[in-house]
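Here is the structure we will look at.
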Amino acid sequence: MARSSTTGANSQIANGAAVNREDAKTLVMAAMGELVEDGQAEWSRTATGEIELRLMSGEVFVLGEMSVTRVA
């Protein structure tokens, strides 16, 4: 996944600007992609086709269409 700059978006959120659902999802995915690129996490597809994010600190998350669920 290509790295996306979230600096401008983060400053909009900090200033109280409204963020729609798709913008929020894009920001979350970009932040997770940065964790992967920085070597702090790995992600992969499960047998059921879901995306699993594993942080090097041990936490495991399943990324749903509109949710993130911690599983470990």
In the structure I gave you, are the side-chain heavy atoms of Leu53 and Val60 within less than 4.5 Å of one another anywhere?
no

Does the Lys25 side chain pair with the main chain of Ser67, one donor and one acceptor, at a distance under 3.5 Å?
no

Indicate yes or no: at least one non-hydrogen side-chain atom of Leu55 is less than 4.5 angstrom from one of Gln40.
no

Is it possible for you to say whether Val28 and Val62 belong to one hydrophobic cluster, with membership spreading through side-chain heavy-atom contacts below 4.5 Å?
no

Please tell me if the side chains of Arg21 and Met66 come closer than 4.5 Å, counting only heavy atoms from C-beta onward.
yes

Does a sphere of radius 6.0 Å around CD in Glu59 hold more than 12 heavy atoms from other residues, nucleotides or ligands, not counting ones at 6.0 Å or beyond?
yes

Tell me whether Arg70 at atom CZ has more than 12 heavy atoms from other residues, nucleotides or ligands lying less than 6.0 Å away.
yes

Can you tell me how far the CZ atom of Phe61 sits from the CD atom of Glu50, to the nearest 0.5 Å?
14.5 Å

Check whether any side-chain N or O of Asn20 sits under 3.5 Å from a backbone N or O of Glu22 as a donor-acceptor pair, and report yes or no.
yes

To the closest 0.5 Å, what do you measure between CD (Glu65) and CD1 (Ile51)?
9.5 Å

Can you tell me how far the CE atom of Met32 sits from the CG atom of Leu63, to the nearest 0.5 Å?
5.0 Å

Checking side-chain contact (heavy atoms from CB on, under 4.5 Å) for the pair Glu42/Met56: CA distance, chi angles, key distance, verdict?
CA-CA 8 Å; Glu42 296 175 342; Met56 294 302 136; 3.3 Å; yes

